[in-house]
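What you are looking at is a predicted structure, and each value in this text was computed from that prediction instead of being measured.
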Amino acid sequence: VQKQTMHPVARGPPPRRGVQRAGGHGSFCRWVSAMSLVDAEYGQMARAQLIQRTRTLAAERQRRLASLRSEADCERYIAAARDAVKQAFGPLPERTPLNAETVGETIRGDGFRIENVRFESTPGTFVTANLYLPTNCTAASPAPAVVQPLGHSATAKAATGYQEASQRLAIAGFAVLSFDPINQGERDQYTTLLPDKEPVLGASSPGSARTSTAAHNMMGKQLELCGDWFGRWMLWDGIRAVDYLETRPDVDTSVLGVTGCSCVYCAFSGAHKRCALTISRGEIHVVAVALCQAGCGQWSRASPWLRRTAS
């Protein structure tokens, strides 16, 4: 068996001879266009096939977008895209009781408060979350909702950046639900099952065997044997997070923002006429600016940082 040089997924396969790897936007497309299944090294053939399929679909998408000429064309395209997404995720579970509860003490900050909540996305599947609320948020004066799915941080909702973003939005007048993804934060699935420095699942460093990406891959392989897939479970957590917010009388879910980082698995459980979506924690202000300017937030209470960003 010929020894193959391993390349981190984030970097992609090595460029073909004569093709320069360019950094920044567009570099992915450059090496994709240079890659062919025939020329790929044995260790890269599966990836090259996936790239070929992705390139073909991307070209078809561009062709369809270029053919749109009217509002009716756009509506048909949107309907087809939604059907494709539903088909890709497969049938979703039935909605079951959330059995939601607030646990522990409410944390109070300057202009906001935090409730520790948990609910069941499916029976026995507990989702742990922090709900950030403006100080004066009540049923008589509900706050517009923001759902914050998180990236691959091991501490999940407790990570400094996510806490900072949630606090700023709460001070600006939004109710923010920040929930732990599977095997992150309080939802570590393999604490007693896998030792640290496990060579099969992670690099040789303490705790690396239970990193979110390694665990997600492991769970995904197990689910494939059952005819299921991991993305559906993450998506369902996001849908039920919106369902939980809809049970709160002090939260207005007719206006919904979604912001997160890296893996944004979330979907709207109903028809929201006013919404904003961003997938980068660094662009958290997009949600706040969009909703505040739509009259959904308390712009007068926004932080100076948020005001400067908006301007």
Side-chain angles (χ1 to χ4, degrees), residues 98-121 127-150 156-180 185-186 237-260 266-278 281 283-307 309-310:
L98 289 168
N99 297 323
E101 57 182 334
T102 301
V103 296
E105 297 181 0
T106 298
I107 302 170
R108 301 190 182 279
D110 185 10
F112 64 93
R113 66 182 187 272
I114 307 172
E115 294 184 10
N116 301 310
V117 303
R118 66 185 178 198
F119 57 87
E120 296 181 46
S121 57
V127 180
T128 49
N130 290 147
L131 179 62
Y132 293 75
L133 295 166
T135 298
N136 298 325
C137 176
T138 63
S141 180
V146 173
V147 179
Q148 183 175 218
L150 308 179
K157 66 183 184 303
T160 302
Y162 296 130
Q163 291 192 55
E164 180 181 358
S166 299
Q167 290 175 24
R168 285 175 168 173
L169 284 171
I171 292 171
F174 299 92
V176 185
L177 185 67
S178 180
F179 64 95
D180 290 328
E186 298 182 76
D237 282 352
I239 292 176
R240 299 316 308 271
V242 177
D243 290 347
Y244 168 72
L245 288 175
E246 290 181 333
T247 69
R248 302 275 310 206
D250 50 359
V251 177
D252 179 9
T253 55
S254 66
V255 179
L256 180 65
V258 180
T259 185
C266 192
F268 305 146
S269 61
H272 295 272
K273 295 183 178 180
R274 291 187 292 179
C275 64
L277 170 67
T278 177
R281 186 181 70 226
E283 297 172 358
I284 187 73
H285 61 275
V286 174
V287 171
V289 171
L291 294 180
C292 281
Q293 291 179 346
C296 309
Q298 301 174 35
W299 190 244
S300 61
R301 298 178 58 198
S303 67
W305 169 86
L306 196 59
R307 290 169 179 268
T309 305

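Distance OG1/T135 to CZ/R108: 8.0 Å, rounded to 0.5 Å. Atoms CG and CZ, from D237 and F119 in turn, are 6.5 Å apart once rounded to the nearest 0.5 Å. The distance from atom NZ of K157 to atom OG of S166, rounded to the nearest 0.5 Å, is 11.0 Å. To the nearest 0.5 angstrom, N130 atom CG is 5.0 Å from N116 atom CG. With rounding to the nearest 0.5 angstrom, the CD1 atom of I107 is 9.5 Å from the CD atom of Q167. Taking CD of Q163 as the reference point, atom OG1 of T160 lies at 6.0 Å (rounded to 0.5 Å).
Between A175 and L133, the shortest heavy-atom contact is CB-CD2, 3.6 Å. Closest of all the heavy-atom pairs between D180 and V127 is O-CG1, 4.3 Å. Minimum heavy-atom separation, P142 to A139: CD-O, 3.5 Å. In this structure, V258 and P149 approach most closely via the heavy-atom pair CG1-CD, 4.1 Å. The two residues L177 and A129 make their nearest non-hydrogen contact at CD1-CB, 3.7 Å. Closest of all the heavy-atom pairs between F174 and A143 is C-CB, 4.1 Å.
R113 places a side-chain N or O within 3.5 Å of a backbone atom of P134 that can act as its donor or acceptor partner. For Q148 (side chain) and T259 (main-chain N/O), no donor-acceptor pair under 3.5 Å exists by modelled atom type. Distance alone, capped at 3.5 Å, places no donor-acceptor pair between the N99 side chain and the E120 backbone.
Taking 4.5 Å as the limit, every side-chain heavy atom of L169 sits out of range of all side-chain heavy atoms of F112.
Annotation: E105, atom CD; neighbour count of heavy atoms from other residues, nucleotides and ligands within 6.0 Å does not exceed 12.
Side chain to side chain, R240 and Y244 fail the donor-acceptor criterion of an N or O pair below 3.5 Å.
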Derivation and outcome, side chain to side chain contact (heavy atoms under 4.5 Å, CB included), residues V117 and F179: CA-CA 9 Å; V117 303; F179 64 95; over 6 Å; no
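With L131 as the fixed residue, the side-chain contact (heavy atoms from CB on, under 4.5 Å) test singles out one of T106, L245, I114: L245.
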